[in-house]
Amino acid sequence: MSISILAIPFLPLIAFVLTLLFGRQIGTKVHWLPIAAVLGSFCCALVAFCRVQSGEIINADLYTWIQSGSFRVSVGFLVDQLTAVMLIVVTSVSSLVHIYSVGYMKGEEGYYRFFAYLSLFTFSMLMLVMGNNFMQLFFGWEAVGLSSYLLIGFYFNKKSASDAGKKAFIVNRFGDFGFLLGMFLVYTQCGSLHYSEVFAKAPQIGALTFSFLGMDIHVATLIAMLLFCGAIGKSAQIPLHVWLPDAMEGPTPVSALIHAATMVTAGVFLVARCNPIFALSTFTLNFIAILGAVTALFAATIALVQTDIKRVVAYSTVSQLAYMFIACGVGAYAAGIFHLFTHAFFKALLFLGCGSIILGMHHEQDLKYMGGLKKFMPVTYITFLLASLSISGIPPFAGFFSKDEILLMAFCSDSFAGKVAYITGLLVAFLTAFYSFRLLFLVFHGDFRGTEEQRHHLRESSPVVLVPLCLLAVGAIGSGWFGIPEALGGSNHWAHFLNPVLGHPQAHVAHSTELVLMLVSVLAGAGGIALAWFMYRLRPQLAPDLAARYPALYRLLHNKYYVDELYQKYIVEPALWVARNVLLKGVDTRWIEGVVNGVPACLGLFAQVLRGLQDGVVSHYLAWMGGGALVLIVLILVG
């Protein structure tokens with residue numbers, strides 16, 4: 001295995017260790033070490049991508065990690081077409097986030113610790129996507145969970161931030177438990193956890209069933225559903241989506257890294273990597289498509305009325321991830337990864353643009369205090385506009401190509417789930433354009449609604465913040481051009497590149513039909529933009545009037561369908577009651593502490609009795625000795 005491949009994950013790891021150990025001593029220049037490391041990883045990722053593009057696939061073990069009888073797991077690396085794409089996404093976005101953080105986190109307490117955690121996050125995600133076995137994937141899976149906990153709760157003295165970090169960590173444990181069970185089942189059925197061996201044996205388990213409580217359960221379906229549980233948690237799909245919006249409590253660069261290049265994309269990567277297993281279960285694929293459609297619509301409607309600038313973009317992430325799962329659910333894994341690729345750039349641009357706005361607004365995040373920032377922050381405005389056009393699916397921006405590929409594959413699917421996903425996806429495209437430009441108009445257009453102190457602080461961000469925005473804008477425009485469809489005169493290089501790993505179903509429609517479908521989706525996006533312009537520029541009083549006319553609906557959306565409140569009432573509070581009244585008072589206090597404290601108490605009573613016998617009177621000692629001797633004589637005679 002070449003040094004360049006090993007350097008991709010281990011450079012950020014070295015940077016993490018050195019920054020954490022010596023960062024305080026290095027001081028304000030500590031950022032250069034993690035930045036140099038992640039840029040080195042990006043260069044090595046480019047080399048790996050070129051090697052894969054030339055036809056070289058790397059699958060090698062570095063060393064044996066666990067050996068127990070026939071069970072063997074190694075630390076190894078698989079660099080194929082899918083891995084090569086993920087490496088470019090992770091290292092490029094992470095590099096720009098590192099650079100951006102120099103300006104955003106300037107003067108923050110724990111500056112060196114923040115950069116150490118960023119490096120740990122990058123290393124964890126790289127280990128996840130580069131592993132050649134399920135165990136290493138699970139290691140990276142849990143490591144990104146740990147990293148997210150550290151970064152979301154970076155401001156740990158702030159209760160809301162520490163609570164958000166715990167929420168992300170705990171909610172993901174539910175999904176990870178299912179993932180772990182699925183991994184165990186993979187080993188019991190295939191006798192290995194290495195991808196090559198598991199996927200080679202996957203067809204053999206396609207017809208296997210077992211009986212449970214009188215029901216015949218399809219083994220492949222059970223494995224796929226359990227693995228998908230992990231994806232639901234990491235990629236924030238219903239019902240485990242609740243952690244992601246609260247993750248906004250972390251610094252804005254963290255939001256960009258989590259939403260665009262690391263943690264939340266891990267679930268989509270898992271489904272794509274395990275496509276030979278998921279392909280065996282039609283039920284699971286239909287379930288994924290339907291859940292993706294429901295989640296996309298659910299999150300998009302919530303984003304319509306949110307007033308925190310970062311929460312609007314956060315719910316946008318939940319919705320866009322659901323698009324990726326729709327693609328996977330109809331068997332178009334390459335289309336899902338394509339949207340993951342383009343989404344990384346325009347979503348990172350949106351979040352980092354939000355960060356630039358927050359800096360300009362002196363750390364204000366409420367939309368009702370913004371407005372008219374276009375003249376104060378022209379570069380931020382232009383880049384934010386480009387990202388909004390991309391996520392709205394307007395050609396020739398990147399989001400148009402990847403979103404339309406998903407809608408086309410859903411439309412061409414033979415399943416009912418695919419048809420439902422297409423109709424829902426089209427509606428979500430309209431809603432996405434609406435809430436994206438609602439955000440743009442409320443922030444950058446109209447009159448400034450903030451305080452005079454905020455107006456006084458308003459200015460464009462520093463070059464170290466703006467340069468990453470401009471580079472991401474290039475990706476938000478051009479990253480989709482790798483997958484220009486044949487109907488538009490392209491050759492869809494993307495699908496051909498990923499075909500050896502993911503395959504790609506053929507869209508059995510004429511080019512004219514495909515062009516009509518594209519036109520419909522573009523009109524949906526343009527309609528959303530037009531409605532946002534009408535409501536927030538031409539008739540700015542219309543939105544408050546609608547909220548006043550339909551207060552119940554507004555409250556329902558603004559309070560996120562009360563899912564957090566339902567979880568609090570029916571899950572969290574009962575769990576706490578059981579913990580306090582059953583586990584603490586019953587099990588811990590009465591049983592465990594009863595044994596722990598009862599044994600010494602009994603020994604103390606016994607010792608107290610013995611102490612009463614040791615009174616120092618010689619005649620008493622002689623009487624005890626005589627009595628003891630008499631008892632022994634009697635026992636001997638009787639025996």
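Keep in mind that the numbers below use all heavy atoms, side chains included, and drop hydrogens, waters and symmetry copies. We number each residue from 1, following the sequence as shown.
- Not a single salt bridge (Lys or Arg N to Asp or Glu O under 4.0 Å) links Glu405 to another residue, sequence neighbours left out.
- In terms of modelled atom types and a separation under 3.5 Å, the side chain of Thr188 and the main chain of Leu185 share a donor-acceptor contact.
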- What do the steps show when you test Phe77 against Asn132 for side-chain contact (heavy atoms from CB on, under 4.5 Å), and what is the final call? CA-CA 5 Å; Phe77 298 104; Asn132 66 355; over 6 Å; no

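- Leu227 contributes atom CG, which lies 10.5 Å from atom CG of Leu180 (distance to the nearest 0.5 angstrom).
- Distance alone, capped at 3.5 Å, is enough to place a donor-acceptor pair between the Ser148 side chain and the Gly145 backbone.
- Counting non-hydrogen atoms of other residues, nucleotides and ligands closer than 6.0 Å to CZ of Phe177 gives a total of 12 or fewer.
- Between the side chain of Gln136 and the backbone N or O of Gly76, at least one donor-acceptor pair lies under 3.5 Å.
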- Would you sort out whether Tyr435 and Gln306 count as a side-chain hydrogen bond (donor to acceptor under 3.5 Å, both in side chains), showing the intermediate values? CA-CA 9 Å; Tyr435 67 66; Gln306 295 302 303; over 6 Å; no

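- Nearest heavy-atom pair across Ser319 and Ala300 is OG-CB, 4.0 Å.
- Between Thr265 and Ala260 the shortest heavy-atom distance is CG2-O, 3.7 Å.
- Nearest heavy atom pair, residue Ala15 against residue Ser119, reads CB-OG, 3.9 Å.
- Between Gln320 and the options His259, Lys403, His339, Lys347, a side chain to side chain donor-acceptor pair (under 3.5 Å) holds for only His339.
- Counting heavy atoms from C-beta outward, Trp141 and Phe179 have side chains that approach closer than 4.5 Å.
- A side-chain donor-acceptor contact under 3.5 Å links Asp80 to the backbone of Thr83.
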- Task: Applying side-chain hydrogen bond (donor to acceptor under 3.5 Å, both in side chains), run through Asp163 and Ser160 and close with a yes or a no.
- Result: CA-CA 5 Å; Asp163 288 346; Ser160 59; over 6 Å; no

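- One N or O on the side chain of Lys310 and one on the backbone of Met248 form a donor-acceptor pair closer than 3.5 Å.
- Between His241 and Phe298, the ring centre distance stays below 6.0 Å.
- Checking Tyr561 against Thr301 by side-chain atom types alone, a donor-acceptor pair falls below 3.5 Å.
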- Derivation of the side-chain contact (heavy atoms from CB on, under 4.5 Å) call for Phe184 and Leu226: CA-CA 10 Å; Phe184 290 159; Leu226 288 171; over 6 Å; no

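- Annotation: side chain of Lys560 is not in contact with side chain of Val242 (no heavy-atom distance under 4.5 Å).
- Judged by distance alone, the side chain of Ser235 and the main-chain N or O of Gly267 form a donor-acceptor pair under 3.5 Å.
- Here the side chain of Tyr333 pairs no donor or acceptor atom with the backbone of Val271 at under 3.5 angstrom.
- A pairwise comparison of heavy atoms in Val264 and Ile258 identifies CG2-O, 3.0 Å as the closest pair.
- Atom CG of Leu137 sits about 11.0 Å away from atom CE of Met135, to the nearest 0.5 Å.
- Thr432 places a side-chain N or O within donor-acceptor distance of the main-chain N or O of Val428, the cut-off being under 3.5 Å.
- Rounded to the nearest 0.5 angstrom, Ser196 OG and Lys201 NZ are separated by 10.0 Å.
- Between Tyr104 and Tyr100, the ring-plane angle classifies as parallel under the 30° and 60° cut-offs.
- Within the 3.5 Å criterion, the main-chain N or O of Tyr562 finds no donor-acceptor partner in the side chain of Asn559.
- Side-chain contact check for Arg273 versus Val501: some heavy-atom pair is nearer than 4.5 Å.
- Ion pair Arg311/Asp246 flagged as a salt bridge, since at least one NZ, NE, NH1 or NH2 atom sits closer than 4.0 Å to an Asp/Glu carboxylate oxygen.
- A 6.0 Å sphere centred on CD of Glu109 holds no more than 12 heavy atoms belonging to other residues, nucleotides or ligands.
- Annotation: Phe115 is in aromatic contact with Tyr111 [ring centroid separation under 6.0 Å].
- When the shell of 6.0 Å around CZ of Phe71 is examined, it contains more than 12 heavy atoms from other residues, nucleotides or ligands.
- For Tyr195, the OH atom sits in a packed shell: over 12 heavy atoms of surrounding residues, nucleotides or ligands are nearer than 6.0 Å.
- Between Leu291 and Ile238, the closest heavy-atom pair is CD1-O, 3.4 Å.
- If you take SG on Cys328 and CD1 on Ile288, they are separated by 7.0 Å, rounding to the nearest 0.5 Å.
- Thr221 and Ser281 share a donor-acceptor pair across their side chains, judged by distance under 3.5 Å alone.
- Note that CH2 of Trp243 is 4.0 Å distant from CE of Met263, once rounded to the nearest 0.5 Å.
- A 4.5 Å side-chain heavy-atom check between Leu146 and Ser124 finds every atom pair outside the cut-off.
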- Steps toward side-chain contact (heavy atoms from CB on, under 4.5 Å) verdict (Ser74, His194): CA-CA 9 Å; Ser74 64; His194 284 74; 2.9 Å; yes

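- Judged by a 6.0 Å distance limit and a 45° cone about the ring axis, Arg173 is positioned over the six-membered ring of Phe169.
- Residues Gly40 and Leu11 come closest through the heavy atom pair C-CD1, 3.8 Å.
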- Item | side-chain contact (heavy atoms from CB on, under 4.5 Å) between His343 and Met324, worked out | CA-CA 10 Å; His343 173 266; Met324 302 172 204; 3.7 Å; yes

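- No side-chain heavy atom of Ser479 sits under 4.5 Å from any side-chain heavy atom of Phe346.
- Side-chain contact between Phe269 and Leu128 is present, with at least one heavy-atom pair separated by less than 4.5 Å.
- Proximity of the aromatic rings of Phe228 and Phe325 is defined here by a centroid distance below 6.0 angstrom, and this criterion is met.
- Side-chain contact between Ser147 and Phe123 is absent, with no heavy-atom pair separated by less than 4.5 Å.
- Here CG of Leu350 is found 10.5 Å from CG of Leu469. Values are rounded to the nearest 0.5 Å.
- At distances below 3.5 Å, not a single donor-acceptor pair connects side-chain atoms of Asn59 with backbone N or O atoms of Leu78.
- Side-chain contact between Val198 and Leu193 is absent, with no heavy atoms from C-beta onward closer than 4.5 Å.
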